[in-house]
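Atoms considered below: every heavy atom in the structure, side chains included; atoms not considered: hydrogens, waters and symmetry mates. Atoms within each ligand, like the ligands themselves, are counted from 1 in listed order.
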Amino acid sequence: MTRSKRSQKTQSAPPPAARILVLHGPNLNLLGTREPDIYGRTTLADIHAAMEARARAEGTLIESFQSNHEGQLIDRVQAAASEGVDFIVINPAGYTHTSVALRDALAAVSIPYVEVHLSNIHAREPFRQHSYFSDRAAGVICGLGAYGYMAALEFALSRLREAQH
Ligand code: CA2
């Protein structure tokens with residue numbers, strides 16, 4: 001056996017890149033185009049681009065998915081388990097206050113998640129002040145606008161770095 005073949009044999013494969021999934025609930029596709037006083041002027045594409053660049057710098061794979069349909073979000077969460085997603089950042093939007101089913105999907109896959117809201121839901125109508133997601137979240141960020149997603153991403157990256165050591 002040649003020296004290069006021998007060294008190839010003993011080299012271990014690099015660990016697979018960590019994976020983060022960013023989930024956006026209903027109506028967030030409108031971000032940056034309507035109600036800028038509440039939700040700001042940053043679009044979902046802007047948010048994804050900024051998160052992508054930051055994650056790439058750490059060698060982490062990131063995917064974003066937005067849907068206006070509860071079942072599609074649930075399917076995406078279920079698929080995340082078989083895809084080896086390590087961390088989820090989720091803004092369940094209106095489903096925050098209604099969806100036992102999406103909560104159950106996150107509980108079923110046991111993937112840690114941070115819940116993000118652009119607005120401060122505690123300073124708004126009473127019905128927004130209960131979330132079906134917060135008690136199981138690693139953390140909750142609200143009221144920081146689009147920056148909240150970057151803060152959640154930094155937290156996820158630090159968690160994933162810790163897990164690799
Ligand atoms: O503050 C948040 O991020 C929310 O999750 C946004 C949801 C709302 O139901 C939650 O209570 C708090 C609404 C998302 C609607 O997004 C729009 C964006 C631009 C224009 C219109 C709606």
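Using a 4.0 Å cut-off to heavy atoms of Asn91, the atoms of ligand 1 that qualify are 2 (C), 3 (O), 5 (O). Proximity to Leu28 (heavy-atom distance under 4.0 Å) selects the following atoms of ligand 1: 14 (C), 16 (O). Here is the list of ligand 1 atoms found below 4.0 Å of a heavy atom in Arg34: 19 (C), 20 (C). Below 4.0 Å from some heavy atom of Leu30 lie the following atoms of ligand 1, by number and element: 19 (C), 20 (C).
Once rounded to the nearest 0.5 Å, the distance linking NE2 of His97 with CD1 of Ile121 reads 5.5 Å. With rounding to the nearest 0.5 Å, the separation of CZ in Arg54 from CD1 in Ile20 is 9.5 Å.
Protein heavy atom closest to atom 7 (C) of ligand 1, with residue, atom name and distance, is Ala93 CA, 3.7 Å. For atom 1 (O) of ligand 1, the nearest protein heavy atom (residue, atom name, distance) is Ser119 OG, 2.5 Å. In terms of protein heavy atoms, atom 4 (C) of ligand 1 is closest to His117 ND1, 3.7 Å. In terms of protein heavy-atom proximity, atom 13 (C) of ligand 1 is nearest to Tyr39 OH, 3.4 Å. When hydrogens are left out, the protein atom nearest atom 8 (C) of ligand 1 is Arg128 NH1, 3.2 Å; that is the closest non-hydrogen contact. Of all protein heavy atoms, the one closest to atom 12 (C) of ligand 1 is Ile121 CG2, 3.7 Å. Among protein heavy atoms, the minimum distance from atom 16 (O) of ligand 1 is reached at Asn27 O, 3.5 Å.
Annotation: Arg124 places no N or O atom under 3.5 Å from an N or O atom of ligand 1; distance criterion only. Remark: ligand 1 and Leu118 share an N or O pair separated by less than 3.5 Å (distance only, no angle test). The shortest N or O to N or O distance between Thr96 and ligand 1 is not under 3.5 Å.
Nearest approach of Val116 to Asn91, heavy atoms of both residues: O-CG, 3.0 Å.
The ring of His24 has its center closer than 6.0 angstrom to the ring center of Tyr149.
In this structure, a donor-acceptor pair under 3.5 Å is absent between the side chains of Glu70 and Asn68. With no hydrogens or angles considered, a side-chain donor-acceptor pair links Ser119 and Arg124 at under 3.5 Å.
Between Glu115 and Arg136 no salt bridge is recorded (no basic side-chain N to carboxylate O distance below 4.0 Å).
Considering Leu102, Val85, Leu21 as possible partners of Val77, the one that fulfils the side chain to side chain contact (heavy atoms under 4.5 Å, CB included) test is Leu102.
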Taking it one step at a time, do Glu58 and Arg161 satisfy side chain to side chain contact (heavy atoms under 4.5 Å, CB included)?
-> CA-CA 9 Å; Glu58 295 263 337; Arg161 270 196 305 268; 2.8 Å; yes

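With sequence neighbours left out, the salt bridge (charged side-chain N to carboxylate O under 4.0 Å, His left out) criterion links Arg159 to no other residue.
The option with the heavy atom closest to atom 21 (C) of ligand 1, from among Glu115, Gln129, Glu35, His97, is Glu35.
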